[in-house]
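All remarks here apply to the structure that follows.
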Amino acid sequence: MSYAAYKMMHWPTGVDHCAAGFVTHSPSDAAAFFTAATVGPGPEGDIDSAAAASRPRRLGPSPNLVVAAANVLEVYAVRAETAAEDGGGGTQPSSSSGAVLDGISGARLELVCYYRLHGNIESMTVLSDGAENRRATIALAFKDAKITCLEFDDAIHGLRTSSMHCFEGPEWQHLKRGRESFAWGPVIKADPLGRCGAALAYGLQMIILKAAQVILSLCWSYFMSKSLHGLGNLPHDAYQLLAVPPPISGVLVICANSIHYHSQSTSCSLDLNNFSSHPDGSPEISKSNFQVELDAAKATWLSNDIVMFSSKAGEMLLLTVVYDGRVVQRLDLMKSKASVLSSAVTSIGNSFFFLGSRLGDSLLVQFSYGASKSVLQDLTNERSADIEGDLPFSKRLKRIPSDVLQDVTSVEELSFQNIIAPNSLESAQKISYIVRDALINVGPLKDFSYGLRANADPNAMGNAKQSNYELVCCSGHGKNGSLSVLQQSIRPDLITEVELPSCRGIWTVYYKSYRGQMAEDNEYHAYLIISLENRTMVLETGDDLGEVTETVDYFVQASTIAAGNLFGRRRVYGKGARVLDGSFMTQELNFTTHASESSSSEALGVACASIADPYVLLKMVDGSVQLLIGDYCTCTLSVNAPSIFISSSERIAACTLYRDRGPEPWLRKTRSDAWLSTGIAEAIDGNGTSSHDQSDIYCIICYESGKLEIFEVPSFRCVFSVENFISGEALLVDKFSQLIYEDSTKERYDCTKASLKKEAGDSIRIVELAMHRWSGQFSRPFLFGLLNDGTLLCYHAFSYEASESNVKRVPLSPQGSADHHNASDSRLRNLRFHRVSIDITSREDIPTLGRPRITTFNNVGGYEGLFLSGTRPAWVMVCRQRLRVHPQLCDGPIEAFTVLHNVNCSHGFIYVTSQGFLKICQLPSAYNYDNYWPVQKVPLHGTPHQVTYYAEQSLYPLIVSVPVVRPLNQVLSSMADQESVHHMDNDVTSTDALHKTYTVDEFEVRILELEKPGGHWETKSTIPMQLFENALTVRIVTLHNTTTKENETLLAIGTAYVLGEDVAARGRVLLFSFTKSENSQNLVTEVYSKESKGAVSAVASLQGHLLIASGPKITLNKWTGAELTAVAFYDAPLHVVSLNIWHQKLAPCQIQAWAAQFLLRVPWAMSKARSWKEQGSQLSLLAKDFGSLDCFATEFLIDGSTLSLVASDSDKNVQIFYYAPKMVESWKGQKLLSRAEFHVGAHITKFLRLQMLPTQGLSSEKTNRFALLFGNLDGGIGCIAPIDELTFRRLQSLQRKLVDAVPHVCGLNPRSFRQFHSNGKGHRPGPDNIIDFELLAHYEMLSLDEQLDVAQQIGTTRSQILFNFSDISLGTSFL
C-alpha cells in the first residue's frame, strides 16, 4: 500500500463551544413575529389587570444557538410552541406538545445552516452591539492565531465571511516570544456592548480588535489603552472572569474553591470549601453551606443577578448576587438540579439555556422563576402521560432515552424524560426546568467492537452481508457513560415476506365509508395495489392481506402506472383512468391524441403521473402533459390539456405536482402581493362544508433543455422560472427577478451551454422531480431532482425580499401589454432555493421513462422524509429541517416502495426487491435516526472503558467503572501497607477528616446481550473486581490447549491494583470460559487467575498462545488447560498498553520474513514491530520508528501483498510506516520508513481492520484489501482505505485543484490544515500519499459546468471522478 484515502463517515457530535445571538434575524425582526398576550397596567383593583398579572410570562424574542463540535459549525433556531389560552386567561396544554411552562408547551432546535470547516474551532463568541435592528456576528478563532467573522446573508440563506485576521507568519513571530508549542489555541471574547473583541493568542499575548460600525467585523489596530481599574493578590486557583450585567456591573472572579465579586466601589467573597486560602489579615469571608469545587465549571447568566454553574460533577448551581442599588451585599450559592456533564453552556433569551456536552447528549432546557398552580398541575399530569402512541416527530423525541442518568448525590436529575417542577407551590423563587430538546452525542469514542445485529440475515452476501453488522461503542463518562450502538445502514424489522416476481410498482390507498371513523393522521390504509408486468393485483389491508382483485372495479388486466386518493380520501385513481368509491367504479376516462392532419384519434399511453387532490398530472409517452381536474361536488374528473405546453416546442423531461398545505401556504409568502393573497381561497369538501385547508397546488416542469418552471394550477400561469436547473447551481433565482451580484455570475451563466457541450451536456437530463413540505410551522419546501446518471439534486426553499435598487426586471413578453405589472407581482419573486449537500453515492444510468424512484412519506415509525429506490436504496429523513441520509443495503436493489399503516403494521412500509420478494417491515424502534448514523444509546450508569465481542453467543464483555462513596479512613488504610499505618500521626488519625467520605471507582466486567425482540440490552452476568483493582483490558482469545490438543475460546482480563505511589504496582491475569447455561449466573466460569508483578495492560492471542503485556515486559505463554507457562519474553523500554496481531503469512516478497507479528502501542515512546520465531521460542525486534511519538492507537493496513503500520498520536496526526530492509534509508531494516502522514484534527483512540468489498474499480490482484475504521474522542468515525496509484494520482490532482477552485468557509486553507503538526518538535516531512475526501466532497457540490471544467483541466472526465467516488464509498460500506 503506497496510497490511501481519508474519509469521514460520521462527523463529530461532542459539543465544544456554544453561544447565543441574533444571527439570522435582529431583535426587532423577532419581536415582529412575537404575539405576546400582554395587557397594559390598569387602575388598582382592575379585574383585567389582575388577570394579566397572574398570566404566565410569555416567551420573548429568541436568539439563535450557535454550536461548534470540533470542525463542525451549526446554527440553530429555537422554535417554541405557544400554548392555547382559554377564556379565563389561563393556558391549555397543546395537543402536539408537552407540559406547559410560562405559556410554552414545547420547543425544539431547528437547523438553519451547518458547515464542515478545514480547521478545528478553538474558541467562539458572538459579537453584538445590542441594537434592536442589527444582527450579531459570529467570531471564530483557529490555531495558531487566526480569527474569522461570519455574518448571515439572507440572499444565500447562509453564512458569509465578513472579515479574516491572521497573526501568523514572520511579521508576527515576535508574539511567540521564542516558543513553538502552546498548550491551547487562541481564546476570543466579545465586549457586551459590541465595541471590540479581544483574543488571547500564543499563551499570554492579548490582541484587541475594534468592531466596525457597519458590518461589525473586527479590524486590528494599534492603540494603547489606559488601565481604569486593577486588582492583585487573587487566589492562585482563579481561572475565569464573568462580567456582571447592568445594573449591578462589576466582575465575578471564579476560583476552584471560592468566588469573588469586585467592582470599583465594593468587593465580597464566598468560600466554597475548606481548601480556599486568603492572605493574612483579610476580613472574614462568608462560607457556603455545602462543600463544592468549581474547577472546570461552566457558567452563564440566567438574569442580571443569577448565574448558573454546571460543575464538573454535573451539578447545576445557582449563584445569586444580592445587591441593594448598585452595592453588592453578599453572594448566595444553592444547589439546583443535576444535569449532563457540560463542556459549554449559554443562555438563549430569557426562557432557555443550552447545555453543550462532549460526554453526553446536549440539552435545550426551559426555565422559569416559579409557576402558577395550573401550570404545576400540567407538569404533574405530564409525568404519567402516555407518550408511546402514534406521535409526530416533535413529540416522538420525548420517548428517546437520554443518557442523562442519576447522579451520585441526592440532587434531582435533569433528563429528557423527566419534568422538574418547583419543590413547593408557595416558593416563587425556585426555578422550574423542562428539558425541551436534546442533540445526540456518541462521543468520546474510547473503544468499539464489531458484531452481528439482532436481525442479521445469515444468507446475505456482498453489500447486504455488511449490513448484518453494527458498531458497539464505549461512549461518555461517569453518569453520562453509555453503550452507543451505531449502524451505518438501516436493516428493517421484517414482519412478513412473499415471493412476487415481475413487480413494477406498489401503492396503498385510504378509504373511509363514513366520516369520523378515525383521526385522519392515524387512518388505516384500505387497499394495497400491486402492479405486475401484465396485470394488477388488489389486496385489502385489514387484519390480514387478502386478495380482492376479482371483486373490485380496478383495471386489473394491465399494469398500473399510479394510484392515490382524491376527494378527501374517499376515492382512488387507477390507470386508465378510473375513479372508484372504495371498490366500485364511478368514472372511467380514456386518453387520446388528435392528429394534426385528420380528425381521427388514437390511444395515448401514460408514462407517469402525479397526484395532488383534486388534480392529477399525467406525463404521456410522447412528452405531452395532461391535467385531470376533480370536481368535489360530483366527484368526477375532467381532462384538460394545458395550452401553454401545446404551443411550446420544448419537450418535457419530468413533471410533478406540489401541494402547499396549511391554513397559510408557504409559497404565498414569497409573492410580491402576498399581503393580498391571504385567506382568499377556501377548499370545499364532498359534503359541501368549508375546510380550513387553504392549500395551493403548483405544477413543477423541467424540460429536456434543463429549464425548470413552476406553474399555478389549474391556470398554468408561470410564477417561477430557472434556465438551467440540471446544472446544479448553488442558488436558484427566478430569472424575471434575478439579482445582479457581480458580472461573473452572468458570465458563468452565458458559458453554461458551451461548457456542457464539452462532454455530456446533451446526455445529462432530469428524469424525476419531487417537491414536498413536511410538517412544522416554520418548515420550508424541499425540491429534489434526479438526473439520469444517478445524481440527486436537493434544494431547500427560502424567501428573500431584495431591495428595488438591486432588482433587474426582465419583461415577461415583447408585447408590452398593460397586465405586465400585475403578472410580475403575482410571480414568486421572493422565492429562492439554495442547494443542500446530500450524501447519496448511487451512480447508475436511469432510463428516462423508468418507474418513479422518489417516494415521500409523512410518518414511518414517527419519521418523515423520502425513500429513494434503485440499486443503492436510501432513506432521506427530515429531522429539524435537516436531511439525514441512511442507506438500506440489506436487500440489494429495490424496485418499488410504499408506506403501510394498518392493525398489524403500525406506520410501517412495503417494498419489493429486484429478486422478486415483497416485504412488509417496520423501522427498528430502538434507534434514533436524527444522527449521522442510526444510533441506540444504552445507559450504563458508569464509565465504559473497553468492549469486545464473543461471536459464538453474541455477547459483549464490557469494562465499566462506577463511582462509589467510601469512608476516607478505609481508603487510606487500604492504599497504605500496615507498617505505614502504625506510623501515621495520631493528630491526623483523630481528626474529623478521616471520618469523611471519598469517592473511588469500582470496576467490573459486564457481559451484555442484545435481546432480539424489542432491541433491549440485558446484563447476563457481572464479574466484579477486587477493591482498588482496575480492569485495564478485556479480550476474547483463542488458546491451544496443549493437554487436550484442542482450541479453547476464553475471556481474558488484565487488571492493575491502584494503591498509590508508595505501593509496588501489581495486577492479575484472569481467564474465564463460557457456558451455554440458561442460568445467567453460570454464564462464565473462572478457569485461571494469577497475580503479576506489574499492571497487565494488554492481552492478545497469537497462534494459540497468549501474549501478555505487563508493564514494559511482554511474555508469550502456552495454555495447558490449567496453567499459563511462559515460552518467550521481550523487555520493551517503556510501558506497553496495547497489542495488535496479524496472523496471515505474506506472499513471497521483500517482507516474507514476517511469519506472525504484532504492533506495540507505546505512549510517549516509539512504534515498534517485532516477530516471534516459533522454532527458537523467542521474541525479536524487527524494526522501529526512531522518532518520538506519543501514540494513541495502532493497527495493520493491508493492501494485497503489501503490509503497512498505521499509528495515531497526541498531536492528532496519522502516520503510515512500512518495513523495507533492502532500502538504504531503513538502516539495514532497523528503521520503519514513513509511507504517508496526515493531520486528522482529532485524537483517534481505536483502529479496526475490516476487509473492503471488491468493486469494479479493483483489479483481481487487489481483492485482499483491508481498510481501517477509526473512532475519535470528538464522536467522529471515519476510515483510512488503500487505493491504487492511478486513482490516487487522479484524485490528488483534483484535490489540488479544489484548493483554489472552491471558496472555503472562514477562509481556511485545507492544505495547511492537513499538514503534519509536530507541535514544535523536530520532524522530517513525510510523503504526501493520502487524499482528503473532506475536500473532494466539494466537487459534487459544484455546478455541472464547473465540474466539467475542473475535470478537463486535470485531464480526466466528470464521470470517471464520480465513478472513483462511488467505488471507494461502496468498498467502505462496512455497516
Side-chain angles (χ1 to χ4, degrees), residues 447 449 451-452 454 472 474 483 938 940 942 944-962 1002-1012 1017-1057 1066-1092 1095-1110 1115-1127 1139 1141:
D447 191 32
S449 187
L452 281 175
V472 179
C474 296
L483 204 65
V938 184
L940 295 175
H945 296 276
Q946 200 173 86
V947 63
T948 189
Y949 178 64
Y950 179 49
E952 293 183 15
Q953 299 185 28
S954 296
L955 300 175
Y956 288 90
L958 172 69
I959 298 178
V960 180
S961 64
V962 180
E1002 292 192 353
F1003 281 74
E1004 61 186 14
V1005 176
R1006 301 179 187 174
I1007 312 296
L1008 301 180
E1009 182 183 23
L1010 175 62
E1011 296 181 352
K1012 292 187 177 180
W1017 288 77
E1018 180 184 1
T1019 302
K1020 305 296 290 186
S1021 181
T1022 301
I1023 305 174
M1025 299 293 104
Q1026 297 179 2
L1027 187 62
F1028 300 109
E1029 183 182 25
N1030 293 4
L1032 300 183
T1033 183
V1034 57
R1035 288 289 180 259
I1036 299 295
V1037 295
T1038 301
L1039 304 182
H1040 180 71
N1041 192 325
T1042 58
T1043 303
T1044 63
K1045 306 300 181 181
E1046 295 180 351
N1047 290 335
E1048 298 180 6
T1049 302
L1050 303 175
L1051 175 66
I1053 303 175
T1055 71
Y1057 289 95
R1066 56 190 178 91
R1068 286 197 301 164
V1069 177
L1070 304 174
L1071 296 179
F1072 293 84
S1073 63
F1074 292 94
T1075 60
K1076 296 184 178 181
S1077 173
E1078 296 293 335
N1079 186 5
S1080 61
Q1081 299 296 329
N1082 301 325
L1083 181 63
V1084 291
T1085 304
E1086 182 177 316
V1087 296
Y1088 179 77
S1089 175
K1090 184 177 181 180
E1091 190 170 299
S1092 173
V1096 180
S1097 54
V1099 294
S1101 56
L1102 174 62
Q1103 295 182 351
H1105 294 70
L1106 183 64
L1107 202 63
I1108 301 175
S1110 178
T1115 58
L1116 190 68
N1117 302 268
K1118 65 179 181 179
W1119 173 241
T1120 64
E1123 291 291 336
L1124 285 175
T1125 305
V1127 296
L1139 301 169
I1141 306 295

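Computation of the quantities below employed the complete heavy-atom set of this structure, encompassing side-chain atoms and omitting hydrogens, waters and symmetry-equivalent molecules.
- Contact detail for Ile1141 and Ala1100: the closest heavy-atom pair is CG1-CB, 3.8 Å.
- Here the side chains of Trp1119 and Thr1038 are not in contact, with every heavy-atom distance at 4.5 Å or above.
- Using a 30° and 60° split on the angle between ring planes, Tyr949 and Tyr956 fall in the tilted class, from 30° to 60°.
- The shortest non-hydrogen separation linking Val1005 to Ile1053 is CG2-CD1, 3.7 Å.
- Listed by chain and number, the residues in a side chain to side chain donor-acceptor pair (under 3.5 Å) with Glu1004 are Arg1006 (sequence neighbours excluded).
- Not counting sequence neighbours, Glu1048 has no partner by the salt bridge (charged side-chain N to carboxylate O under 4.0 Å, His left out) test.
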Exercise for review: With side chain to side chain contact (heavy atoms under 4.5 Å, CB included) as the test, would you mind laying out the steps for Leu1124 and Leu1071 before giving the verdict?
Suggested key: CA-CA 10 Å; Leu1124 285 175; Leu1071 296 179; 4.1 Å; yes
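- You'll find the side chain of Val1096 stays beyond 4.5 Å of the side chain of Thr1055, heavy atoms only.
- Under the ring pair (Phe, Tyr, Trp, His ring centres under 6.0 Å) criterion, Tyr1057 pairs with no residue, sequence neighbours left out.
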Check your understanding: Going through the distances and angles, do Phe1003 and Ile1023 end up as a side chain to side chain contact (heavy atoms under 4.5 Å, CB included)?
Key -> CA-CA 9 Å; Phe1003 281 74; Ile1023 305 174; over 6 Å; no
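- Between Thr1049 and Glu952, some side-chain heavy-atom pair lies under the 4.5 Å cut-off.
- Counting heavy atoms from C-beta on, the side chains of Arg1035 and Gln946 come closer than 4.5 Å.
- For Phe1072, there are no ring pair (Phe, Tyr, Trp, His ring centres under 6.0 Å) partners, not counting sequence neighbours.
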Practice item. List the steps and the verdict of side chain to side chain contact (heavy atoms under 4.5 Å, CB included) for Leu1039 and Ser1101. Key: CA-CA 7 Å; Leu1039 304 182; Ser1101 56; 4.3 Å; yes
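- Here the side chains of Leu1027 and Glu1002 are in contact, with some heavy-atom distance below 4.5 Å.
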Exercise for review: Mind running side chain to side chain contact (heavy atoms under 4.5 Å, CB included) on Leu955 and Leu1083 for me, showing each step along the way?
Suggested key: CA-CA 10 Å; Leu955 300 175; Leu1083 181 63; 3.9 Å; yes
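- Considering only residues two or more places apart in sequence or on other chains, Glu1091 meets the salt bridge (charged side-chain N to carboxylate O under 4.0 Å, His left out) condition with Arg1066.
- One N or O on the side chain of Asp447 and one on the backbone of Val947 form a donor-acceptor pair closer than 3.5 Å.
- Smallest separation of non-hydrogen atoms from Pro957 and Ile1036: CG-CD1, 4.2 Å.
- Of all heavy-atom pairs between Val1037 and Ala1052, the closest is CG2-CB, 4.0 Å.
- The two atoms that bring Leu1070 and Ser1089 nearest to each other are CD2-OG, 3.2 Å, heavy atoms only.
- Looking at heavy atoms from C-beta onward, Asn1041 lies out of side-chain contact with Asn1047 at the 4.5 angstrom threshold.
- Residues passing the salt bridge (charged side-chain N to carboxylate O under 4.0 Å, His left out) test with Glu1086, sequence neighbours excluded: none.
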**Study point:** Thr1120 vs Thr1042, side chain to side chain donor-acceptor pair (under 3.5 Å): CA-CA, chis, key distance, verdict
**Key:** CA-CA 5 Å; Thr1120 64; Thr1042 58; 5.2 Å; no
